[in-house]
Amino acid sequence: MLSTESAPVVRATLPAVGAAIDEIAALFYRRLFAAHPELLRDLFNRGNQANGEQRKALAGSIAAFAGLLLERPDERPDALLSRIAHKHASLGITSEQYKVVHTHLFAAIAEVLGDAVTPEVAAAWDEVYWLMANALIALEAALYQQAGTPEGEVWRRMRVAERRQETPDTISLLLRPEDGSPAGTFRPGQYVSVRVELPDGARQIRQYSLSAAPGRPDWRITVKRVRDADRPEGEVSGRLHEQVRAGDPLLVSAPFGDLVLPDGDGPLLLASAGIGSTPMLAMLGHLAATGSTRRVAVVHADRSPADHAHLAELLQLVAALPGATLRRWYEEPGEAAPEAETGLVDVDALELPEGVTAYLCGPLPYLRAMRGGLLRRGVPASAVHYEVFGPDLWLGQE
């Protein structure tokens, strides 16, 4: 909760800070990487820095947090903080790094806003920052404790036990610890980070959902090669596709992520698009392994059946669940899937039972369309959960 002294100052200055926050974030990153080039090389996603998405995500999270402090002073924005905390823990972020961020962020604020940053304004926004930072530090400390690892020490060496080509642009990798121990448990829907050394010596990190149910001696990740005419090819996905084979070592984090299968027997909607199907496979696999009779509506959208990774496995899992149904939409269904529907998912055509909890994963336009359609149909916002890989550009819009 903001102090009574800071709240009116933040309220009065939020429009000005909000208008300049993108410029502040851009200058912050320039200052940060000039002082700590290793952070760009080995921690931050260079692709998201190059296209500005990380800057927009930082700006959105700060502005959203400040706005929520003012609008709901008695509530902590747990949904916003939880997603950030899980992502930070998967990267091995430590509490000391928040001090480094503070130094360069507030230098950027002072430079961009100039004389408008009076001592009172600086103190009020300093309070906003540390309220958010300390909340994240506490959440991340709890996540490290749950993972059984010291702060930031999330990495372990694993080896690729098997590599499979799932589609022309998608591979799956089975991962096993080098020491021969079981990979360990996780909650269906969680992800791991993978750190890969690139030809220029950078050690870049990306997150991948665990795409098979827990309870096996290995973990499986499924990697889609990022190809986009409007942006550089994915550095890590390209490296994994080109270089990594069975027997090769990989540095992998402990599992994190808060888009996880809920307990209970309430009805579920698992809606995905493209490679967003991966956490849903782990959820469905767990439901099948535990003999669940829950009502589960599975919805998937893709370019074509040939582009749908793990399609045969999905069909088997849905068939193994007595309460499950599956609807698929393809842009190009072709003759291989005569039962599939053509085009984009029609939210209005979905059967939504009372009390349904929805889990969404896929590209941001898909998430926005699905979430908006579900809210329009009366599903409470609190019952719609989603996963975004990469910077969460949605934070300021919830």
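Position 1 is the first residue of the sequence, and the numbers go up from there.
- Judged by the 6.0 Å distance and 45° axis criteria, R203 is not positioned over the aromatic ring of W155.
- Residue A20 comes nearest to V112 through the heavy atom pair CB-CG1, 4.0 Å, listed as atom of the first residue, atom of the second, then distance.
- Here the closest heavy-atom approach between residue E335 and residue P338 is recorded as O-CD, 3.4 Å.
- In this model, no donor atom of one side chain and acceptor atom of the other lie less than 3.5 Å apart for R164 and S172.
- Residues L374 and R371 have side chains not in contact (no heavy-atom distance under 4.5 Å, counting atoms from C-beta outward).
- A distance of 6.5 Å separates CG of L240 from CG of L250, quoted to the nearest 0.5 Å.
- A salt bridge does not link E38 to R41: none of the charged side-chain nitrogens sits closer than 4.0 Å to a carboxylate oxygen.
- Y129 and V100 fall within the same hydrophobic cluster, defined by Ile, Leu, Val, Met, Phe, Trp and Tyr side-chain heavy atoms under 4.5 Å apart, directly or through other members.
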Exercise. Step by step, work out the side-chain contact (heavy atoms from CB on, under 4.5 Å) result for S95 and E151.
Key: CA-CA 8 Å; S95 53; E151 181 185 69; 3.1 Å; yes
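- The pair R225-E242 meets the salt-bridge criterion, with a side-chain N (NZ, NE, NH1 or NH2) lying under 4.0 Å from an Asp/Glu carboxylate O.
- Looking at V299 and W329, their side chains come closer than 4.5 Å, going by heavy atoms from C-beta outward.
- A 6.0 Å sphere centred on CZ of R377 holds more than 12 heavy atoms belonging to other residues, nucleotides or ligands.
- Note on D348 versus R376: salt bridge recorded, some NZ/NE/NH1/NH2 to OD/OE distance being below 4.0 Å.
- Side-chain heavy atoms closer than 4.5 Å link hydrophobic residues (I, L, V, M, F, W, Y) into clusters, and following such links, possibly through other members, connects F256 to I93.
- Taken to the nearest 0.5 Å, the CG atom of L321 stands 11.0 Å off from the CZ atom of R294.
- A salt bridge is defined here as a Lys NZ or Arg NE, NH1 or NH2 lying under 4.0 Å from an Asp or Glu carboxylate O, and R30 with E111 fails to meet this definition.
- Side-chain contact between S237 and R206 is absent, with no heavy atoms from C-beta onward closer than 4.5 Å.
- Side-chain contact check for D169 and H241: no donor-acceptor pair (N or O, by modelled atom type) lies under 3.5 Å.
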Exercise. Show your working on side-chain contact (heavy atoms from CB on, under 4.5 Å) between V10 and L2 and close with a plain yes or no.
Key: CA-CA 9 Å; V10 172; L2 275 172; 4.1 Å; yes
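- Note: E387 CD to L367 CG = 9.5 Å, rounded to the nearest 0.5 Å.
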Practice problem: Using the ring-ring contact (aromatic ring centres under 6.0 Å, His included) rule, take H385 and Y359 through it: C-alpha gap first, then chi angles, then the decisive distance, then the call. | Solution: CA-CA 5 Å; H385 310 275; Y359 290 83; 5.1 Å; yes
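- L268 is not connected to V260 by any chain of hydrophobic side-chain contacts under 4.5 Å among Ile, Leu, Val, Met, Phe, Trp and Tyr, and they are in different clusters.
- Here the side chains of V160 and L175 are in contact, with some heavy-atom distance below 4.5 Å.
- Side chains of T222 and H310: a donor on one and an acceptor on the other come within 3.5 Å.
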